[in-house]
Amino acid sequence: MTASPGLQAEDRPDFERALHQALRTAEIREALGRSGSSGGTDIQRLRSQALVESEAIATAAAPEYAAYLRQRAAAAAAASTAPGPSAAAVSAAPTAPTASAVRAAPFTTAGGRGLLPALAVLTPALAGASAAAFLLLGGLLRLSGSQRETADALLTAGLTSATIAAVTLAAGMVCLVVTAVRHRSSPPDRQPRPHRRPHAHPHPHPHPHPHPHPPSGSQPPYVWRRDDAAVATARDAWLRALLHRGILPFLRERLKMSHTLSRTSQKSEKGST
């Protein structure tokens, strides 16, 4: 036969709470009243005696206590071996920059495409203004008859600028026409919005919740709750057995012994008188 497990230090607060409950029961209060020792001093004496004999009292509920320890150890082992959410978080983390890069790619491409229309608008305007200025200055210098070489150079530059303006203007018009035709032939894609039921009621959860606030951590769904329920059930069974088979019989025996001693002392006093 294996020896009964001793009361562990972390379970002594539960033992003290069960002892406090036993001392407040009507049975113990009435027994103290019959013996004429219902004061706080006698209650503290009984409490001290029970705490001193806690190991012996706990042996009365040894099977329930052993089952409670096994359930608690199994829950601790399940908590230590369960996979945590960190692996999933690490595997999902690299996808975020990729998604942001994909979303940012259209804007980058749109920025490069937006430079061509700007050049198509600015180049003809600048070239036309330069052509007008060069032609005007070259014409004035030729009319004055001075600096004919400078006048010829300005007129050549003006004609060149006018040619550039005409070519870029024609290219810009072609680009605008092609863009308009392309936008007309391919309408923008529209993603359908997900259908949402306005008055949808959530289905009841298929698993019961033994605790209103399940513990958070690395346990997979419902394993923690199932372990906690088993541990709580084993603990309640141990405390009931400890109260009814251990603490209350101990207190009855001590009260009976105290009552017997008081009657013996009273008889001895009467015999001496």
Side-chain angles (χ1 to χ4, degrees), residues 1-80 208-217 224-273:
M1 294 179 60
T2 59
S4 60
L7 188 63
Q8 298 186 5
E10 59 186 0
D11 296 322
R12 289 191 177 276
D14 286 338
F15 180 89
E16 294 179 4
R17 281 190 289 269
L19 176 60
H20 180 73
Q21 180 182 355
L23 290 172
R24 293 175 62 87
T25 57
E27 177 188 359
I28 300 302
R29 293 288 184 179
E30 291 175 1
L32 287 171
R34 287 194 301 267
S35 63
S37 57
S38 59
T41 304
D42 297 302
I43 294 177
Q44 291 298 327
R45 178 175 53 82
L46 287 175
R47 183 190 301 275
S48 300
Q49 291 175 356
L51 291 176
V52 170
E53 300 292 334
S54 59
E55 293 291 341
I57 295 173
T59 56
E64 290 80 3
Y65 187 56
Y68 171 47
L69 292 181
R70 285 195 300 270
Q71 290 291 341
R72 192 165 65 187
S80 62
H209 297 275
H211 299 284
H213 300 287
S216 61
W224 262 108
R225 296 167 186 163
R226 194 159 56 242
D227 289 344
D228 282 351
V231 172
T233 302
R235 177 176 175 271
D236 292 339
W238 168 59
L239 289 177
R240 285 194 301 269
L242 180 66
L243 178 64
H244 295 289
R245 299 206 309 261
I247 297 177
L248 285 175
F250 175 82
L251 295 178
R252 295 189 195 106
E253 183 67 24
R254 289 306 171 104
L255 287 173
K256 183 179 179 180
M257 291 174 56
S258 177
H259 183 63
T260 302
L261 289 176
S262 63
R263 290 181 60 181
T264 302
S265 62
Q266 289 176 1
K267 288 180 180 180
S268 61
E269 290 176 358
K270 288 181 180 179
S272 62
T273 55

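Keep in mind it's a predicted model, so treat the numbers as computed, not measured.
Listed here is the closest heavy atom pair of Leu7 and Ser54: CD2-CB, 4.5 Å.
For the side chain to side chain contact (heavy atoms under 4.5 Å, CB included) test, no residue two or more places apart in sequence or in another chain qualifies with Ala74. With sequence neighbours excluded, the residues satisfying side chain to side chain donor-acceptor pair (under 3.5 Å) with Asp14 are Arg17, Arg235. Listed by chain and residue number, Arg12 satisfy the salt bridge (Lys or Arg N to Asp or Glu O under 4.0 Å) test with Glu55 (two or more places apart in sequence, or in another chain). Partners of Arg72 under the side chain to side chain donor-acceptor pair (under 3.5 Å) rule, at least two apart in sequence or in another chain, are Gln8, Glu10, Asp11, Tyr68.
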Output, in order, the C-alpha distance, side-chain angles, deciding distance and verdict of side-chain contact (heavy atoms from CB on, under 4.5 Å) for Leu242 and Tyr65.
-> CA-CA 9 Å; Leu242 180 66; Tyr65 187 56; over 6 Å; no
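The shortest side-chain heavy-atom distance between Thr41 and Gln44 does not fall under the 4.5 Å cut-off. At least one side-chain heavy atom of Leu23 sits under 4.5 Å from a side-chain heavy atom of Leu19. In this structure the side chain of Ile43 reaches within 4.5 angstrom of the side chain of Arg29, judged on heavy atoms. Within the 4.5 Å cutoff, no side-chain heavy atoms of Arg47 are placed close to those of Glu16.
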Show which side-chain atoms of residues 243-255 pair as donor or acceptor with protein atoms under 3.5 Å away, not counting sequence neighbours.
{"residue": "Arg245", "atom": "NE", "partner": "Ala60", "partner atom": "O", "Å": "3.3"}
{"residue": "Arg245", "atom": "NH1", "partner": "Glu64", "partner atom": "OE2", "Å": "3.3"}
{"residue": "Arg245", "atom": "NH2", "partner": "Ala60", "partner atom": "O", "Å": "3.1"}
{"residue": "Arg245", "atom": "NH2", "partner": "Glu64", "partner atom": "OE1", "Å": "2.8"}
{"residue": "Arg245", "atom": "NH2", "partner": "Glu64", "partner atom": "OE2", "Å": "3.2"}
{"residue": "Arg252", "atom": "NE", "partner": "Glu27", "partner atom": "OE2", "Å": "2.3"}
{"residue": "Arg252", "atom": "NH2", "partner": "Glu27", "partner atom": "OE1", "Å": "3.3"}
{"residue": "Arg252", "atom": "NH2", "partner": "Glu27", "partner atom": "OE2", "Å": "3.4"}
{"residue": "Arg254", "atom": "NH1", "partner": "Gln49", "partner atom": "OE1", "Å": "3.3"}

